[in-house]
Amino acid sequence: MGEVIGALLPLAVGIAVSPIPIIAVVLMLLAPRARETGPGFLAGWTAGVVAATTVLVLIADAIGTTAATGDPKTPVSVIVLLLGVLALVLAIRQWTDRPRHGAAADLPGWTRTIDRLTPARAASLGFLLSALNPKNLTMCVAAGVTVSQGRLGAGLQIVAVAAFTVLAVCTVAAPVIAYVAAPDRMRGPLDGLREWLERNSATVTSVLLLVIGVVLLGRGMGGLID
């Protein structure tokens with residue numbers, strides 16, 4: 001169980017530092033309906049991570065990820081290796097598309113309509129951003145394979161997915177919880193966080209994806225060599 005949690009940590013961090021959902025929830029918390037849309041977005045974001053990871057664990061369990069000897073199956077190692085390559089490609093893309101020094105990143109067009117979102121639409125947006133984002137799916141696929149390879153019982157698999165989810169959503173949950181606890185005191189820090197993320201999110205994300213890509217490449221190559 002400890003090895004599984006340890007292997008899940010960098011994958012969960014890969015989701016946690018996704019800049020777009022953090023910027024989105026910060027914008028919601030600075031909007032008039034913050035107390036409704038912020039928690040709604042958090043609920044959708046969490047549900048998306050849980051749903052994607054759970055489905056992928058079930059798929060990995062169904063196809064089998066380990067041989068009778070306990071070593072990873074060759075196709076599974078190839079998948080992990082390809083996930084590492086994909087993470088590196090995403091890292092390069094993030095780095096080359098980063099804004100120039102001191103400039104803010106271009107945000108998706110839907111961020112301009114955040115102040116008009118209802119709680120239900122905020123929840124739907126959170127679900128879609130977490131469950132269908134290519135980077136998140138890469139992390140969730142790797143997490144599903146990791147949990148399945150751990151040969152855990154159903155109960156411990158639930159614990160592993162829960163631990164993965166808690167860390168993955170913490171960067172979205174933290175500003176929501178802080179705003180609910182002290183809304184007047186959080187407006188300044190939230191605005192500062194938004195500006196910092198707009199300037200530096202691409203650099204942070206590319207470095208993290210580079211590290212995760214190297215880790216996944218090592219795991220995949222290790223499985224093939226063994």
Side-chain angles (χ1 to χ4, degrees), residues 11-53 55 90-91 93-140 164-209:
L11 304 175
V13 172
I15 296 177
V17 299
S18 300
I20 294 300
I22 301 174
I23 293 173
V25 78
V26 168
L27 291 174
M28 290 179 195
L29 295 175
L30 295 172
R33 304 186 67 179
R35 284 188 174 274
E36 299 170 342
T37 56
F41 182 85
L42 173 59
W45 178 256
T46 303
V49 173
V50 171
T53 307
V55 168
L90 291 173
R93 181 180 176 184
Q94 285 280 339
W95 181 260
T96 56
D97 291 346
R98 74 190 189 283
R100 294 182 179 180
H101 181 70
D106 293 330
L107 298 179
W110 53 260
T111 58
R112 292 190 290 271
T113 66
I114 278 182
D115 58 342
R116 300 194 296 273
L117 286 179
T118 64
R121 288 186 176 182
S124 298
L125 177 62
F127 184 89
L128 292 174
L129 286 177
S130 63
L132 301 181
N133 180 281
K135 180 173 73 70
N136 283 13
L137 279 177
T138 301
M139 301 301 111
C140 288
F164 174 77
T165 302
V166 168
L167 182 55
V169 307
C170 68
T171 50
V172 173
V176 173
I177 295 172
Y179 181 87
V180 171
D184 294 334
R185 296 175 57 186
M186 288 305 299
R187 295 192 66 85
L190 286 174
D191 203 37
L193 175 61
R194 175 187 60 80
E195 293 177 357
W196 188 88
L197 284 172
E198 289 179 358
R199 292 194 304 268
N200 301 288
S201 60
T203 301
V204 173
T205 303
S206 61
V207 171
L208 183 63
L209 283 172

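Taking every heavy atom of both residues into account, Gly14 and Val17 meet most closely at O-CG2, 3.8 Å. Here the closest heavy-atom approach between residue Trp45 and residue Ala168 is recorded as NE1-O, 4.0 Å. Smallest separation of non-hydrogen atoms from Leu208 and Val13: CD2-O, 3.4 Å. Of all heavy-atom pairs between Cys140 and Ala52, the closest is SG-CB, 4.0 Å. The two residues Ala178 and Met186 have their closest heavy-atom pair at O-CG, 3.4 Å. Taking all atoms of both residues into account, the shortest heavy-atom contact from Ala51 to Phe127 is CB-CE1, 4.2 Å.
Summarising the geometry, atom OG1 belonging to Thr37 is positioned 7.0 Å from atom CG belonging to Leu29; distances are rounded to the nearest 0.5 Å. Separating the CE atom in Met139 from the CG atom in Leu90 is a distance of 7.5 Å, to the nearest 0.5 Å. Rounding to the nearest 0.5 angstrom, the gap separating the OG1 atom in Thr53 from the CG atom in Leu137 is 9.5 Å. Atom CG of Leu27 and atom CD1 of Ile22 lie 12.0 Å apart (nearest 0.5 Å).
The side-chain heavy atoms of Val25 and Leu42, taken from C-beta on, include no pair separated by under 4.5 Å. Side-chain contact check for Phe41 versus Leu129: some heavy-atom pair is nearer than 4.5 Å. Taking 4.5 Å as the limit, every side-chain heavy atom of Thr46 sits out of range of all side-chain heavy atoms of Val49. Residues Met28 and Leu125 have side chains in contact (heavy-atom distance under 4.5 Å, counting atoms from C-beta outward).
Counting non-hydrogen atoms of neighbouring residues, nucleotides and ligands closer than 6.0 angstrom, the CZ atom of Arg33 exceeds 12 such neighbours.
Not one N or O on the side chain of Thr113 forms a donor-acceptor pair closer than 3.5 Å with the backbone of Arg116. Looking only at distances, a side-chain donor or acceptor of Ser18 sits under 3.5 Å from a matching main-chain atom of Ile15.
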For this session: Might you work through the side chain to side chain contact (heavy atoms under 4.5 Å, CB included) test for Ile177 and Val180, ending with a clear yes or no?
Result: CA-CA 5 Å; Ile177 295 172; Val180 171; 5.9 Å; no
